[in-house]
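One structure is given below, encoded as structure tokens.
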Amino acid sequence: MDTFMTMKAYGTDSDKALEKAEKRIIQLEDELSVTKTDSDISRINSAGGEDVEVSDDTAVLVKAAQDYGKLTNGALDVTVYPVLAEWGFTTGEYHIPDEDTIKSLLENVGYENISLSGNTVQIPPEYQIDMGALAKGYTGDMIMDIFRENGVTSGIISLGGNIQTIGKKPDGSQWRVSVRDPFSPDDNLCILEISDKAVITSGNYERFFTGDDGKNYWHIIDPNDGYPADNGLVSVTIIGENGLMCDALSTALFSAGTEKAKTYWKEHGDFDMVLVTDDKHIIYTDGLSGSFENVSGLTDEVLTHD
Ligand code: ADP
Ligand code: MG
């Protein structure tokens, strides 16, 4: 998954749990990678419009991509991959594409054209998908399941900075998870005290380049125009029980922007979030009151349901 991972597990069979988790991560990478040529995702992308049989994991992720695509009105769109590739985010050979290129690539973007029936996936011939927005959250969920099945009562994993936890710390206190300051990524923005939850962040500082025009361009694309999403937010952290949901929403709400993110939370509300706006303001949801500590110089406010 092109990132660093760390795992800590405490409990009766924690060594076995860690071993099994490692195998499961490799299996998921083999199924979901967009660069490995024989992964499910690569086979879907090179099928020329034909049906492709995929693993249960891939089917779950394709279904989630469809569901969150719909729920977020297309702010999450896993078919945006060819646009992402044109910007160079898949290879590191970054450049600002010309507008006509983006326009023509956007003709082959639209999550609603993915079809899934059982374990059979089909996308139109010119389409390409990638699960980069969701895969780490799902992987974390699968590791948490393995941990629980193997007697782990306390555990924490970091998949490229995405945190997922089981129970509390071995000493009985809550896990203290820091969120990075998008304006100064070596420093912390806030500390969250959590247990049994995932904390998943999407930010404009994670993968970006500076163009010839001196502006920064980052790896979350607004499917409406094919440019890096610039809708008021510099980072979105989602806190919830389901890693897949948290990962999908961190990317989707970053893409959707401040106002739509607030509205989405008010309408769904089965999670908490910390938004950081481009004018250096933190908005966090009221479920975090008491477990949120602002350690930055930024101003903050609590978002409530009314
Ligand atoms: P990270 O993987 O850096 O932690 P995210 O979970 O936010 O961050 O996922 C970003 C990845 O999602 C990108 O690298 C790309 O593969 C994919 N992506 C970018 N924009 C979108 C989008 N609008 N919808 C779906 N996937 C996207
Ligand atoms: Mg994500």
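Order of appearance sets the numbers: ligands from 1, and atoms from 1 within every ligand. Throughout, numbering of the chain's residues begins at 1 and tracks the sequence.
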Could you check whether any side-chain N or O of Ser33 sits under 3.5 Å from a backbone N or O of Asp30, counting only pairs where one atom can act as donor and the other as acceptor?
no
By number and element, which atoms of ligand 1 are closer than 4.0 Å to a non-hydrogen atom of Ile220?
7 (O), 19 (C), 20 (N)
Less than 3.5 Å between some nitrogen or oxygen of Arg207 and one of ligand 1, yes or no?
no
Do Glu53 and Thr120 have side-chain N/O donor and acceptor atoms under 3.5 Å apart?
yes
Within less than 2.8 Å of the Mg ion (ligand 2), any N, O or S from Leu249?
no
Near the Mg ion (ligand 2), is there an N/O/S atom from Thr251 that is less than 2.8 Å away?
yes
Heavy atom of the protein closest to atom 8 (O) of ligand 1 (residue, atom name, distance)
His219 NE2, 3.6 Å
Give the numbers and elements of all ligand 1 atoms closer than 4.0 Å to a heavy atom of Ala75.
22 (C), 23 (N), 24 (N)
In terms of atom number and element, which parts of ligand 1 are under 4.0 angstrom from non-hydrogen atoms of Ser202?
5 (P), 6 (O), 7 (O)
Within ligand 1, which atoms have a heavy atom of Pro223 less than 4.0 Å away?
23 (N)
Before accepting this row, confirm whether a basic side-chain N of the pair Asp67/Lys70 lies closer than 4.0 Å to the acidic partner's carboxylate O.
no
Can you tell me the protein heavy atom closest to atom 23 (N) of ligand 1 and the distance?
Ile221 O, 2.8 Å
May I ask you to identify the nearest protein heavy atom to atom 15 (C) of ligand 1, giving residue, atom name and distance to one decimal place in Å?
Leu84 CD2, 3.5 Å
Name the closest protein heavy atom to atom 21 (C) of ligand 1, giving the residue it belongs to and the distance to 0.1 Å.
Val80 CG1, 3.8 Å
Verify, without hydrogens or angle tests, whether Thr165 (side chain) and Lys197 (backbone) share a donor-acceptor contact under 3.5 angstrom.
yes
Please state which part of Glu206 comes within less than 4.0 Å of ligand 1, counting heavy atoms only: side chain, backbone, both or neither.
side chain
Contact region, Leu76 to ligand 1, non-hydrogen atoms below 4.0 Å, reads both
Just by modelled atom types, is the Met245 backbone N or O under 3.5 Å from a matching donor or acceptor in the Asn242 side chain?
yes
Asp272 and its side chain to side chain contact (heavy atoms under 4.5 Å, CB included) partner, picked from Thr285, Val199, Leu192:
Thr285
Protein residue, atom and distance nearest to atom 4 (O) of ligand 1, heavy-atom basis
Lys136 NZ, 3.2 Å
Short list, please: which atoms of ligand 1 are under 4.0 Å from a heavy atom of Asp130?
15 (C), 16 (O), 17 (C)
To 10°, measure the O(Ala133)-the Mg ion (ligand 2)-O(Asp247) angle for me.
80°
Using modelled atom types only, decide if a donor and an acceptor are shared between the side chain of Thr263 and the backbone of Glu259 within a distance under 3.5 Å.
yes
Under 3.5 Å donor-acceptor, Asp187 side chain and Ser296 backbone:
no
Ranked by distance from atom 24 (N) of ligand 1, the top protein heavy atom is Asp77 N, 2.9 Å
Interfacing atoms of ligand 1 (cut-off 4.0 Å, heavy-atom, Gly132)
2 (O), 6 (O), 9 (O), 11 (C), 12 (O), 16 (O)
Donor-acceptor pair, side chain of Asp51 and main chain of Gln122, under 3.5 angstrom
no
Please work out which of the three classes, parallel, tilted or perpendicular, describes the rings of Trp265 and His305, given edges at 30° and 60°.
parallel
Pick one of side chain, backbone, both or neither for how Asp222 approaches ligand 1, counting any non-hydrogen atom pair under 4.0 Å.
neither
Closest heavy-atom approach to atom 5 (P) of ligand 1 among Thr251, Thr201, Leu159, Val83 is made by Thr251
Can you classify the ring geometry of Phe209 versus Tyr94 as parallel (below 30°), tilted (30 to 60°) or perpendicular (above 60°)?
parallel
So does Ile146 get a backbone contact from the side chain of Asn150, meaning a donor-acceptor N/O pair under 3.5 Å?
yes
How far is atom 26 (N) of ligand 1 from its nearest protein heavy atom, and which residue and atom name does that atom have?
Ala133 CB, 3.5 Å
Taking the non-hydrogen atoms of Ala252, is any one of them nearer than 4.0 angstrom to ligand 1?
no
Any donor-acceptor pair under 3.5 Å from Ser42 side chain to Ser39 backbone
no
